[in-house]
Every structure is written in C-alpha cells, then in structure tokens.
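First the proteins, then the strands, lettered A, B, ... as listed; each starts at 1.
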Number of protein chains: 2
Amino acid sequence: MAGGAVRTETRIQREKRERILESALEIFSEYGFRGATIDQIALASDMSKPNLLYYFRSKEDIHATLLTRLLDMWLAPLREIRAGGEPLEELRGYIARKLEMARDFPRESRLFANEILQGAPRIKPMLEGELRHLVHDKAALIQSWIDNGELAKTDPFHLIFSIWATTQHYADFDVQVQAVLGPEQSGKRRFEAAEDFLEHLFLRSLRP
Amino acid sequence: MAGGAVRTETRIQREKRERILESALEIFSEYGFRGATIDQIALASDMSKPNLLYYFRSKEDIHATLLTRLLDMWLAPLREIRAGGEPLEELRGYIARKLEMARDFPRESRLFANEILQGAPRIKPMLEGELRHLVHDKAALIQSWIDNGELAKTDPFHLIFSIWATTQHYADFDVQVQAVLGPEQSGKRRFEAAEDFLEHLFLRSLRP
DNA sequence: GATAGATTTTTCCAAATAGTCAAAAAATTA
DNA sequence: TAATTTTTTGACTATTTGGAAAAATCTATC
C-alpha cells in the first residue's frame, strides 16, 4: 500500500501520546535532553519503555515533537503586537503576556532555555528563519513608532531581548529567585511584584 | 602519619589540574553536567581518562571545583557596589561589570545557568545562604538610596533580578541573539549596543 | 466467537560511560 | 646513580542506557 492512506490516529494513540508528551516535558525541562532517560519518562507515563517506544520511535522523536509544539506557542505573544494599537499599550501587553507564559508554562520555558543554552542544535534553523523574520518584522514596527515620536528612541532589537530575558528569568531561574526572596513569598505574589516592576522599568524608558 | 603534613602540590599537579579545569569548563558549559563525558574532557585536556582521574577523583569533583571557583567571581560585581558612592553611578557600574562578565566569561555564565536551570542541585545551599545574604544586603542599600530620594521608587530585588537577566542573556542565549541579529554584526558591536541600551533602560527608570 | 489488527510485555543486545587497578614509565630525592 | 615517589598507561569492570524483536494479550468488527 505504498503511498496509501495514512490511518487516522485511534483514541488510545492520541491519549497515550499525550500522556507521554506531558511526562516528557516534565523530565526534559528538569534534566535537559541528555540528562533525561527514556526509562524516567516511561515511568512517569506509567508505561513500560518498549511500550513507550511503540508510540514514539526514539527519545529524539519525543523531544522534537515537544519543541515543535512549543515554538508556535512561544512566539504567539510577539505575533500579537499589532501595528494598529497604541504603542505603549501594545508593549505593555506584550510584557504581560510573556510574564504570564513564564508563570503558567515554566516547564516549556525551561525546555526552550535548555535547548538554546546548549547551542540550539535542534532548532537553529528555526531561529535563523522564522524567529529572525518575526523579530525583524516587529522591530521595524517598533522603529516606525519611534520615528513617529510615539516612543522614546531606543534599539528595538535589544528591547525585545531584554523583555525576553527579564520575563523568562522568572521561570528559568526560579530556584534562584526563590532562594533570594525566601520561600515565604508565594508564587502569585512574586509574579505580581515582577509585573509591577517590569511595567515601570520598560514603560518609563519607552515614554517619549 | 595520621593528621600529618599535607604534601604541597607539585608544579605538574598544579598545571594539569588547571588544564583539566579549563577543558572541563568548555565541555560542561556546552553540554551540561550529564551531557558532558569524562572522555570528552580527557580528550580536550590531551590526556587519558585514567590519568585525568588521577587528578580528580570523579566527574562530580571536577564540576564541584569549577562551580566553587566560579561563585566568588560571579558575585564580585555585586559586592563592589559601594554604600559611599553616587547611587546612579554605582548601579551604572554594576550593569557594566555584569555585562563585561557576560562578554568575557560566557562559558562561566552558561555553566552557572545550566546549574540553576536544573534546580541548582549542587549550589542550592549557597544560593540560600551567601547569595541571599549578599542580595538582601545590597537591596537594603538600594532601598536606603530610594528612601533618601536619590533613586526613583522601585523594588530593589526585582531590579537586581532584571540586571542579572538582561546581562546574562547575552552569554546564555547568545545563539539566539546571533540568529536574530545575523552573523554580520560582530560580538564587539553587539555588546556595545547592549550596553547602551541597558544603561538607558535602567537609568531612565531609576532617576528620581 | 473467530479473526485481523492494535497494543503490551518479556527478553534481549550493543554501545556508552564512570570508574578501578596493577604495572610501567618518568621524575625527584637521597 | 640508586632508591623512592609521582605520573601515566593499558586492560578491565559494572552499570546505565537507547533501542530491537518477537511473543503474548487485548480489542473491535464481522
């Protein structure tokens, strides 16, 4: 049946693959690609290793699937910056959305951070293609706002980098943040304080 | 000879241990602790694995030695903030020093980032002790400047976090920064632009 | 309830990897 | 230079790990 119909996924397949990806996200984000083992993921998924390998051909395969899914989600907040909006409000919204992602999806943030930190062996092409393109696009938009006098003069690229850095820091370096602030301060409180701080920081420097 | 004299390190020991640490920094910072192998480090140090293990008892031991050495260096810029100095100038200097470290010691930055990202299994005590203490100390100093009206109202802790995040980003996420900016922009140029940007960003928001 | 197809388990394997040990070689000291 | 100590090597081991193969079991459908 060469080139024949691709059998549609059964319910069990969908569910198990989902379960595996969920566990894998947990494990990969905590230990990195090499630090994670298939056995760990299988255990966390409540299935045997060979069984897991029935749903994914390899460890690579699981990892690649996670990264691919992640990327769209990861870039969404940036995409949402609208040319038609009020510049300061658009950027405030962007910062808030990025910080929400760090708060609600810290494992995804760490998965991504692990990948980049190790030289992005698996997503370099995407960084140099899609990401680069999107950032240039939005940087041009920000530049146009600056040229219009709606924003203070600044470097749009480094502005974007510093928004990435500061927001993701709360997910990626969470242990450190908690160690410094002490465990008594709740996660919610930490993120509220972070949001207040970041809005002030960026908006003060962006107001024309 | 229980409790006897600790033989002083020979020249060869000093040199070889140094060579191993240098290679290990290279490898660990690129692949993380689990991703790195003793064989890789031995190869990079130009010696056999058993020979390397003659100088360090284990992989752990090498890694621990690197981290311990790193920590002092890592906190130095923060320590240098002086109560007697001019607040804005002290903070400008701090940002500049941190950015220089990201530029001149990216491998150290990545080693540290790898460790934190994986939950700081080996340096958590130090984060909760020495680091926490130092940060609280400097945060109090910054707060006193704010109370004196020498700085704008802001959260000193999140200020420090965001300085860490933005400066280290240029070391830890270098692949991504380069992918976005393109390879034509030299490292030097990138860091100059970053410094300009960060000074504006922080100083505008800190001026009373 | 027989059968084809999907799923799961049991058993296995080969490569990678951290680390050991004893003997050889080199360097240092007496 | 002989004795002693330090350094290096080669051969080896035990364990972990990613993955394969095939048999066994389950499930949906006729």
### Task
Would you mind reading off the distance between A:Asp39 atom CG and D:dT15 atom P, rounded to a whole angstrom?
16 Å
#### Entry: Whole angstrom value for the distance that separates P of D:dG18 from OH of A:Tyr31
14 Å
### Query
In whole Å, what is the span from the NZ atom of A:Lys16 to the C1' atom of C:dT9?
12 Å
## Note on the structure
The reported gap from CG in A:Leu151 to CG in A:Leu203 (rounded to nearest 0.5 angstrom) is 10.0 Å
### Message
Could you tell me how far apart B:Ile20 (CD1) and C:dG19 (P) are, to the nearest whole angstrom?
### Response
14 Å
### Query
Nearest-Å distance, NE2 (B:His63) to P (C:dG19)?
13 Å
### Query
Using a heavy-atom distance cut-off of less than 4.0 Å, which residues of residues 42-61 of chain A contact DNA chain D?
A:Lys49, A:Pro50, A:Leu53, A:Ser58, A:Lys59
### Message
For the backbone of B:Ile116 and the side chain of A:Gln176, can you confirm whether one donor and one acceptor N or O come within less than 3.5 Å of each other?
### Response
no
### Query
Checking A:Arg122 against A:Phe33: charged group under 6.0 Å from the ring centre and within 45 degrees of the axis?
yes
### Message
At less than 4.0 Å, is any side-chain N or O atom of B:Arg34 found next to OP1 or OP2 of D:dT17? Yes or no.
### Response
yes
### Message
Nearest 0.5 angstrom please: A:Ile142 CD1 to A:Asp155 CG, how far?
### Response
9.5 Å
### Message
Tell me whether the NZ or CZ atom of A:Arg17 lies within the 45° cone about the ring axis of A:Phe56 and under 6.0 Å from its centre.
### Response
yes
## Note on the structure
To the nearest 0.5 Å, atom CG of B:Leu52 lies from atom CG of B:Asp46 at 11.5 Å
### Task
Find the distance B:Gln40:CD to C:dG19:P and express it as a whole number of Å.
15 Å
